[in-house]
Number of protein chains: 2
Amino acid sequence: MKIREQFTCPLEMTHDIVKGKWKTIILYSLKDGRLSLSELQKKIEGITQKMLLEQLRELREYGLVEKETTEGYPLHVEYFLGDKRGKMLIEAIKILQLVGVDYMVEHGMTEILDKKGIRYK
Amino acid sequence: MKIREQFTCPLEMTHDIVKGKWKTIILYSLKDGRLSLSELQKKIEGITQKMLLEQLRELREYGLVEKETTEGYPLHVEYFLGDKRGKMLIEAIKILQLVGVDYMVEHGMTEILDKKGIRYK
DNA sequence: CCGTATCCGATCCGATACTG
DNA sequence: CAGTATCGGATCGGATACGG
């Protein structure tokens, strides 16, 4: 993905961030601290390594995620939320999560919530 | 669009809502009250009537937007935010807006903000 | 373990023409 | 004014194979 350089409104800009199928989920997965690539992949059901890396790169280009590599062997890489907008976005994503939970409860999809240990009411 | 019936996590569900290029912008445009189709189209720069109607229909299927038609001539239709999740989502979208503004300020894109009268300190 | 490249079907979205 | 139908290019994302 190429970072755009023109937007007609701020939401169009943010949309570039959240439109991808995985970006909000990745950010949400990083809300409690640093994770390596493989930890992220374990945490995010169904994502392929290709998509994970691709989305992480784009999130880094926007400064929403940062990455730190500790030298040595084996190579260890950690991903974590970027300071400013990364943490702003998390607040929005937490609400998106609540909206999703609310919808799922109202439509009888509580099985998945139970399975994942997500609280609702 | 067909409403999905299975999700592996709540964010995947919400993503179905916000992935479209226009949905957050439409919701944000409705945050202060009711608007007719043509008012919406005037407010949202660059959207075609087809996209606007299509996205409005999908938002209504999710209960995020409601519609009221007043009989008489000419036909007048008003769109407005759905009560519960519609208003939750607005809170998230307001943050998305702030993130977008922040990004644009930091990247020297203030011209558009000025043109639209968007405050950024 | 981390990261890149390619192929290909599915979907998105803009243009456009048409109806009540 | 409100709403529908169709077509086609662009983009997205999954599978898969390969390299550091």
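Hydrogens, waters and symmetry mates play no part in the numbers below; they use all other heavy atoms, side chains included. Keep in mind that this is a model prediction, so the values were computed, not measured. Order of the sequence lines fixes the chain letters, A, B, ..., with proteins taken first and strands second; residue numbering starts at 1 for each chain.
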Atom [atom1] of [X] and atom [atom2] of [N]: how far apart are they, to the nearest Å?
| X | N | atom1 | atom2 | result |
| --- | --- | --- | --- | --- |
| B/L59 | D/dG3 | CG | P | 14 Å |
| A/L52 | C/dC1 | CG | P | 12 Å |
| A/R57 | C/dA5 | CZ | P | 8 Å |
| A/E58 | C/dG3 | CD | P | 15 Å |
| A/E78 | C/dC2 | CD | P | 10 Å |
| A/Q41 | C/dC2 | CD | P | 9 Å |
| B/L53 | D/dC1 | CG | P | 12 Å |
| A/D16 | C/dC12 | CG | C1' | 14 Å |

If only side-chain N and O atoms of [X] are considered, is one of them under 4.0 Å from the OP1 or OP2 phosphate oxygen of [N]?
| X | N | result |
| --- | --- | --- |
| A/K67 | C/dG3 | yes |
| B/S36 | D/dC1 | no |
| B/S38 | D/dA2 | yes |

- So, for B/L96 and A/A92, which heavy atoms are closest and what is the spacing to 0.1 Å? CD2-CB, 3.9 Å
- Residues which pass side chain to side chain contact (heavy atoms under 4.5 Å, CB included) with A/K67, listed by chain and number, not counting sequence neighbours: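 A/K67: side chain to side chain contact (heavy atoms under 4.5 Å, CB included) contacts with A/R60, A/T69, A/V77, A/Y79.
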- For DNA chain C, the dot-bracket pattern of Watson-Crick and G-U pairs whose distances stay under 3.5 Å, | for other-strand partners: |.||||||||||||||||||
- The contact string for nucleotides 13-20 of chain D, one letter per nucleotide 5' to 3', using protein heavy atoms under 4.0 Å with B, S and - for base, sugar-phosphate only and none, comes out as SBBB----
- Salt bridge between B/E91 and B/K94, side-chain N to carboxylate O under 4.0 Å? yes
- Message: If we ignore hydrogens and angles and just use 3.5 Å, is the side chain of B/H76 paired with the main-chain N or O of B/E68 as donor and acceptor?
- Response: no
- Item | N/O donor-acceptor pair under 3.5 Å between B/K21 side chain and A/K19 backbone |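 Here the side-chain-to-backbone pair does not exist.
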- Validation row: A/I118, A/Q97 side chains within 4.5 angstrom (heavy atoms): yes
